[in-house]
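Some notes on the structure that comes next.
One-based numbering, in listed order, for ligands and for the atoms of each.
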Amino acid sequence: MFSKLLIANRGEIACRVIKTAKRLGIATVAVYSDADRDALHVQLADEAVHIGPPPARESYLLGERVIQAALDTGAEAIHPGYGFLSENAGFARACEAAGIVFVGPPASAIDAMGSKSAAKQIMEQAGVPLVPGYHGDDQNPAVLKKAADDMGYPVLLKATAGGGGKGMRQVWSAGEFDEALAAAQRESLAAFGDDRMLVEKYLTKPRHVEVQVFCDSHGEGVYLAERDCSVQRRHQKVIEEAPAPGMTPGLRQQMGDTAVQAARAIDYAGAGTVEFLLDEDGSFYFMEMNTRLQVEHPVTEMITGQDLVEWQLRVASGQALPLTQRDITLKGHAFEARIYAEDAANDFLPATGTLAFLQPPEESEFVRVDTGVRQGDEISVYYDPMIAKLIVWDESRERALQRLASALAEYRIGGTVTNVDFLYNLATAQPFRAAELDTGFIERHRALIFHAREQDIAGEVPLAALALLLYRRQQVRPRACLDPWTPWASHNAWRLNEAHAQHLDIRCHDQDFAITADWLGDAWRIHNGNQSTVVKVQLEGDVLSFEVDGHRQRGTLAATGDSFVLYLAGGAISFNEVPPDTGETDSSGAAGGLSAPMNGTIVNLLVEAGTAVEQGQALLVMEAMKMEHTIRAPAAGTVDGFYYQPGELVDGGAELVNFVPKDSP
Ligand code: ADP
């Protein structure tokens with residue numbers, strides 16, 4: 001086994017690998033960009049080497065620099081994690097040339113699976129079933145279109161160099177083909193520097209079931225059951241589980257054997273994942289093989305009781321696989337939910353921000369949180385906006401799902417928008433509980449999942465106002481007073497024997513509330529309009545304890561700058577005190593929606609300056625965080641001009657279009 005390992009990655013996966021290395025007594029070396037100088041992975045590693053500025057292509061993607069860091073620190077092996085250099089055959093070769101072990105498969109296996117189309121040709125020869133499609137070299141648009149026409153619609157266009165759902169487009173009819181092809185090629189070129197496409201029959205109700213395989217360098221190969229990753233948005237996994245619901249031992253063995261056969265076809269070694277589409281009739285088709293550890297590997301670890309990073313390190317150091325196929329047993333059920341800084345309601349737009357408040361659920365044998373960030377850390381534009389992976393386990397699917405829902409309800413994050421509420425809605429949706437899974441799940445159940453939480457805002461705002469009041473006192477007199485109920489701790493004009501009213505104007509979810517609170521000696525009477533409630537309340541640290549009519553409950557108050565989030569059993573409410581009216585008007589008003597949602601690049605202008613447009617008409621396309629975003633007209637009107645040209649960088653919030661609404665004076 002190695003004595004020192006360099007981890008060529010960042011975030012949760014770097015931390016995850018470091019943990020196992022530590023347990024095995026292996027010294028660790030982190031690498032970091034300027035943006036990650038104080039990151040958790042740097043703190044956890046024994047040593048850390050600076051490798052460049054924040055953009056990944058100037059740091060984490062620079063293979064030579066990573067290898068130099070390993071040579072300088074005497075690391076004998078490099079674990080690439082996932083993403084970045086993990087599926088870069090050139091990097092694997094360069095490691096070998098430098099005398100460093102690449103913790104992954106041989107470069108030839110990465111090459112073989114690197115192109116989706118070449119991989120399909122290899123698998124076809126090895127007798128692995130494929131989705132019908134065109135994966136040839138001729139990229140003439142007419143040839144691609146003919147393949148689609150012959151196959152019959154719907155078809156799916158996929159970037160041969162693709163990954164992460166980028167450069168992928170569904171095409172439902174011949175008329176849509178050309179436009180979809182252009183968009184997919186553009187996205188692929190931007191993300192992978194390569195615009196080659198393959199065309200596949202689009203299965204309308206498949207499940208995504210993938211098999212975890214492991215091979216050693218002594219010719220042995222095993223599979224560690226499967227994961228169901230059908231719940232996806234934008235062809236990207238959202239919640240994964242293991243084992244796949246409804247899987248029979250027979251089908252598991254059949255898919256497992258096929259996966260090992262696929263790995264053998266390319267002389268595989270190490271951890272790999274063979275992804276299949278499982279059709280309603282039980283037939284399955286090879287989709288692609290990922291030649292690295294997957295993001296969702298923890299669910300496999302939970303049901304097998306194995307540490308896959310340990311397996312990787314053992315195999316990379318030349319040892320045999322720790323278990324034979326017969327010794328691999330499954331226990332219980334596990335889920336993983338990916339917690340992202342993103343706006344689910346706004347087409348999952350990635351978000352940035354400082355994690356001003358971060359309180360994950362408590363970890364236990366049932367709950368695991370893999371993360372690379374701490375409270376106060378920043379989710380920046382430079383990297384993937386994943387905050388954490390929440391993994392839960394229990395004896396049955398039903399109980400594990402119950403754990404998932406309660407852990408999500410306890411996950412508290414302030415300072416950026418997150419998908420936590422969306423994940424909660426998903427985890428508690430009846431069809432998900434009933435395991436009615438396929439890759440169209442989210443689209444089909446939009447109404448169920450995207451509903452705003454039913455919330456009694458008017459009922460909760462008075463409590464929020466009280467929490468704010470107590471927070472202010474806490475700030476002014478920290479620990480000065482031992483009796484939390486006493487009004488003596490008040491820093492404003494409280495007078496004995498006089499009904500003392502506090503007034504607060506609270507803005508909550510775009511509504512304003514005028515709240516008045518009277519101190520009654522041992523409780524508060526709070527008024528919201530003509531409603532009034534008597535509440536005993538106490539704020540200790542960020543824990544708010546309150547009692548109404550003898551019913552005691554607890555919540556958490558998170559202060560992030562001038563705004564607050566109060567987390568209660570039924571969900572969270574965000575609020576702030578209404579700022580005094582300065583007479584300024586909001587300039588974003590009529591032209592709303594015409595500013596850049598985040599830092600990015602202008603891709604394409606879709607209308608000429610001076611054109612009259614309809615409400616909702618697409619005006620321009622920009623790319624941010626490797627996804628395309630379309631900016632649309634907020635109302636009918638005229639585009640007088642654009643402030644940026646294709647290829648130009650824009651800052652988040654920058655105005656993009658000079659737009660004059662039709663009815664403006
Ligand atoms: P990427 O490598 O970009 O993640 P994949 O080839 O793994 O792309 O496909 C991602 C997802 O797209 C799959 O999990 C599945 O939901 C969907 N998908 C891929 N191919 C097909 C197909 N032929 N029919 C229907 N859905 C598909």
Side-chain angles (χ1 to χ4, degrees), residues 82-83 86-88 110 113-121 123-124 128-135 144 147-148 151-172 180 183-185 187-192 194-212 226-241 244 255 259 262 272-281 283-296 336 338 348 384 386 437-444 625-628:
Y82 52 73
S86 62
E87 290 179 294
N88 182 324
I110 303 180
M113 294 297 112
S115 151
K116 283 188 204 275
S117 49
K120 293 202 173 196
Q121 284 160 15
M123 291 305 153
E124 198 162 35
V128 175
L130 300 185
V131 187
Y134 171 83
H135 30 84
L144 297 175
M151 214 177 299
Y153 293 87
V155 300
L156 187 66
L157 290 167
K158 274 190 195 178
T160 60
K166 284 161 208 143
M168 204 184 262
R169 283 285 187 291
Q170 294 162 24
V171 191
W172 291 88
Q185 285 175 327
E187 204 171 286
S188 176
L189 194 63
F192 314 110
D194 179 334
D195 65 0
R196 280 172 297 163
M197 290 285 141
L198 61 87
V199 191
E200 256 177 25
K201 180 84 198 142
Y202 184 69
L203 306 182
T204 49
K205 235 183 157 193
R207 285 164 67 184
H208 173 123
V209 176
E210 58 183 36
V211 178
Q212 176 71 56
E226 73 289 335
R227 298 181 282 260
D228 192 316
C229 314
S230 300
V231 178
Q232 303 181 343
R233 49 118 176 103
R234 285 179 158 168
H235 303 302
Q236 279 280 71
K237 299 159 187 168
V238 174
I239 293 186
E240 303 97 343
E241 58 182 295
M255 292 182 80
T273 295
V274 183
E275 297 188 336
F276 294 105
L277 286 176
L278 177 62
D279 214 349
E280 288 169 282
D281 63 0
S283 36
F284 57 90
Y285 307 99
F286 171 83
M287 203 162 26
E288 66 169 347
M289 177 165 183
N290 291 318
T291 54
R292 52 170 164 82
L293 195 67
Q294 299 271 94
V295 176
E296 59 275 20
E336 174 184 278
R338 301 187 186 195
F348 299 100
D384 184 87
M386 186 158 76
L437 306 175
D438 69 79
T439 57
F441 186 91
I442 290 179
E443 271 311 307
R444 192 167 50 257
M625 286 181 154
K626 304 223 174 90
M627 304 294 285
E628 286 196 351

Quiz item: Does the pair Asp438 and Arg444 meet the rule for a salt bridge (Lys or Arg N to Asp or Glu O under 4.0 Å), with working shown?
Solution: CA-CA 10 Å; Asp438 69 79; Arg444 192 167 50 257; 2.5 Å; yes
Exercise. Given side chain to side chain contact (heavy atoms under 4.5 Å, CB included), test Glu241 with Arg227 step by step and report yes or no.
Key: CA-CA 5 Å; Glu241 58 182 295; Arg227 298 181 282 260; over 6 Å; no
Practice problem: Before giving the answer on side chain to side chain contact (heavy atoms under 4.5 Å, CB included), spell out for Leu157 and Val199 the whole-Å C-alpha distance, their side-chain angles and the decisive distance to 0.1 Å. | Solution: CA-CA 5 Å; Leu157 290 167; Val199 191; 4.0 Å; yes
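Atom 22 (C) of ligand 1 has its closest protein heavy atom at Leu277 CD1, 3.4 Å. Nearest protein heavy-atom contact of atom 3 (O) of ligand 1 is Gly165 N, 2.6 Å. Of the protein's non-hydrogen atoms, Tyr202 CE1, 3.5 Å is the one closest to atom 26 (N) of ligand 1.
With ligand atoms numbered from 1 in the order given, ligand 1 contributes 6 (O), 19 (C), 20 (N) to contacts under 4.0 Å with heavy atoms of Lys158. Residue-ligand proximity, Gln232 to ligand 1, at heavy-atom distances under 4.0 Å covers atoms 11 (C), 13 (C), 14 (O), 15 (C), 16 (O). Here is the list of ligand 1 atoms found below 4.0 Å of a heavy atom in His208: 13 (C), 14 (O). In the vicinity of Leu156, heavy-atom distances shorter than 4.0 Å reach the ligand 1 atoms 18 (N), 19 (C), 20 (N), 21 (C), 22 (C), 27 (C).
At a 3.5 angstrom cut-off on N or O pairs, Met287 does not count as close to ligand 1.
In this structure, of Val155, Thr439, Leu203, the residue bringing a heavy atom nearest to atom 25 (C) of ligand 1 is Leu203. For atom 8 (O) of ligand 1, the nearest non-hydrogen atom from the set Met168, Arg207, His235, Lys166 belongs to Met168.
Using a cutoff of 4.0 Å between basic side-chain nitrogens and carboxylate oxygens, Lys237 and Glu275 are scored as salt-bridged.
There is no side-chain donor-acceptor pair under 3.5 Å between Gln232 and Arg234.
Ligand 1 has Lys116 within reach: a non-hydrogen atom of the residue lies less than 4.0 Å from it.
Remark: Ser230 engages Asp228 in a side-chain hydrogen bond (donor to acceptor under 3.5 Å, both in side chains) (not counting sequence neighbours). Shown here are the ring pair (Phe, Tyr, Trp, His ring centres under 6.0 Å) partners of Phe192, two or more places apart in sequence or in another chain: there are none.
Counted within 6.0 Å of CZ on Arg338, heavy atoms from surrounding residues, nucleotides or ligands total more than 12; the atom is thus considered enclosed.
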